[in-house]
Structure formats: C-alpha cells, structure tokens
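One-based numbering, in listed order, for ligands and for the atoms of each.
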Amino acid sequence: MPSSATARACANIALVKYWGKRDAARNLPAAGSLSLTLGALVTETTVAFDAVLASDELILDGVPARPADLQRTSAFLDLIRAQAKVTTRARVTSRNEFPTASGLASSASGFAALAVAATTAAGLACSPRELSMLARRGSGSAARSIYGGFVRMHAGHAADGSDCFAEPIVSRLVDRVRMVIAIVGGGAPKAHGSRDAMEHTAATSPFYRAWIDQVPADLAVAEGALAAGDLAQLGTIAEANALAMHASALAARPAIVYWQPTTLALLAEVRALRDRGHAAWATMDAGPHVKVLTSIDEAEAIATALRAVPGASEVTISGPGGPATVTT
Ligand code: PMV
C-alpha cells in the first residue's frame, strides 16, 4: 500500500448556491446546487501516512496551520482511517495556487484534493461518487470540486447521505464560458465563515424558507440553460440566485453582510456592462469578492472594465478546470 500521495483539485464557484444544511453532523445540504470548476484556482495536497507520527500535522502554504484547521483536517482523516482500518497519523502539506492573497475560500479545492490524496495514500480505491461524498464531509462545496466543468450537487433525501453527491453536467457551454474574479480588498476583517453563517441564516432569517423553496426552480432553469447552451439564461439565473442567497443572509438577525462598497460598485459595473450589450452576470459567495460569468470572447473586455473600478485590488480570468486528480 502506498503511504504517500499527491493530488490536485480546482476550486469551484456555484451558479446556484448551497446555503443551508438538512443535517449538520453529516454535512448534508438542504437543497441542491450547481457550479463551475475553475482552472485558475488550484490546491495541491500531499498526504503521507507515517507510523512515527504521534499526531497529524498540517502545513498550509508553507506554515503550520492554525489549531482549528488542523483539527478539521484530522477529523476528516479519521473518516478515511476508519474506512481503511488504519490508525496511522499523517503529515499533510497543502499549497493554494490562487491569485495572490485573494482571500478566496479554498475549502472546496482543499477538501477535494485532501480526499483524493488521503484515500490514495491509505490504499482505498474510491469511485468519483464516493470521493464526492467523502469530500462533502469536509466542506459541502468540496463535493463539487471532484469533477471538472459544470457540476450538479444533489441534496438527496436519505438520512445517511448515500444519495447526496455531485456529478458532472455535459454542456457545450463549457468551451465558451469564462469567470472573471474581482478581488475586493480594503483590509476589512474576515467576515463570517460559510459554515456558521448558513447555520445562523437558517436559524434566524425570516427569508431562509423562501430561499430554500426557490432553489429547485433555479436549478431547473440553470440545467435547462446548460442543455440549450444558453449563456444569457445561465447568467441571469446565476445572478438572481446569488442575490437571493445574500438576501436570506442579510435578513438574518443579527445580519450577515458580506458586501463592501466596492462589491456594490462592481455589481453596478456589471449591470452597466450588460446595458451596453455585454455578456456579464455577477455572483458572490461568503465574502466581498465579485465573480462575473462571461464568454471567452468578452472576458478581456470585462476584466478591463472591472479593473477600473476603484477598490478592485486584483482581477483574474479563469476558464473551466478539470477533475481532481492524483499526480504522484
Ligand atoms: O462548502 P462551504 O461550507 O464552504 O459552503 C459554500 C457556500 C457558498 O460558497 C457561499 C456557496 C456555494 O455553493 O459554494
């Protein structure tokens, strides 16, 4: 059995968001979601099981990880150790190849790469679906990063989560889409992590139920757009869905506000670009950054326009990324 393996996985951006759980212990989402895996945002992770280690170790981007991150990684490795019937501790080394200091969430690519590297190192032969379900235990969005291109996450109904996994969606749009990522700096303290924030929204927002009830219809529109190769329809539903997710969070008590002034300026610029006939639709996650869905032909023009917005500290164009893979 190999005791060490390295894997690479790409982050993904949801076009129909995951925001709320039906089971926190198993990390089961309350509704489905749909995403695009991004080739420009990659995590590479090496897992080495080593009998001399007394406890797990985690080095993130060259420095020992914070205790909370180590604890989360260790709990995730326990799932794999239980499956592989081993108790050996592991040294985990992980590096994010993201736009410099982007502050983008890397949990999706991180847990997808960790799932692939750790199962391989433990000698487990897992199908992509099994890897997706495993990655989900680390972070809901990580289930989608097992696959490349457009990906659909199923909420499922089973109490044990056996029908809760992601799978790829084939669409000719994959050859045409680009995501332009505008990083909003400003040095504001990091806002609420998605895990706590979605729980708080579910517990206190009067709009949470409406949000969850809306997701299946949005998923149907997005899947229809992918089947038809209709970028405008996909972008329109993605922007509406992101705003609905944020509306549910804004209505939480106390409110969860991820937006900064530059976020709003970027959203206004995206609307202005559309008014001038450009293909540009915005989405935002648990942070102030704005990601803009566009076409390969328009990506440069959109990036140039976003770079001109005061406060947008870095703008990156990404094409679709591939599935999580073992490299060594
Ligand atoms: O996978 P988590 O627990 O980090 O949650 C992801 C939440 C959002 O990024 C806001 C939406 C999504 O579907 O990725």
Protein heavy-atom partner closest to atom 1 (O) of ligand 1 - residue, atom, separation in Å: S141 OG, 2.6 Å
Closest protein heavy atom to atom 11 (C) of ligand 1, given as residue, atom name and distance to 0.1 Å: Y18 O, 3.4 Å
With nothing but distance in play, are any N or O atoms of [X] less than 3.5 Å from an N or O of ligand 1?
| X | value |
| --- | --- |
| N12 | no |
| R195 | no |
| D285 | yes |
| S139 | yes |

Is [X] salt-bridged to [Y], cutoff N-O under 4.0 Å?
| X | Y | answer |
| --- | --- | --- |
| R276 | E298 | no |
| R91 | D56 | no |
| D275 | R271 | no |
| R152 | E223 | yes |
| R307 | E314 | no |

Show which atoms of ligand 1 fall inside a sub-4.0 Å distance from at least one heavy-atom site of [X].
| X | answer |
| --- | --- |
| A14 | 12 (C), 13 (O), 14 (O) |
| S107 | 4 (O) |
| W19 | 10 (C) |

M198 heavy atom under 4.0 Å from ligand 1: yes
With T236 via side chain to side chain contact (heavy atoms under 4.5 Å, CB included) - residues at least two apart: W281
Side chain, backbone, both or neither: R144 near ligand 1, heavy atoms under 4.0 Å: side chain
Within reach of ligand 1, part of S33 (heavy-atom separation under 4.0 Å): neither
Residues that, via side-chain heavy atoms closer than 4.5 angstrom, fall in one hydrophobic cluster with V326: V116, L131, I146, Y147, V151
Shortest reach to atom 2 (P) of ligand 1 by a heavy atom, considering only S194, A249, A108: S194
Aromatic plane relationship, H246 with W259 - under 30° parallel, 30 to 60° tilted, over 60° perpendicular: tilted
Among N241, D285, D218, the one residue meeting side chain to side chain donor-acceptor pair (under 3.5 Å) with K17: D285
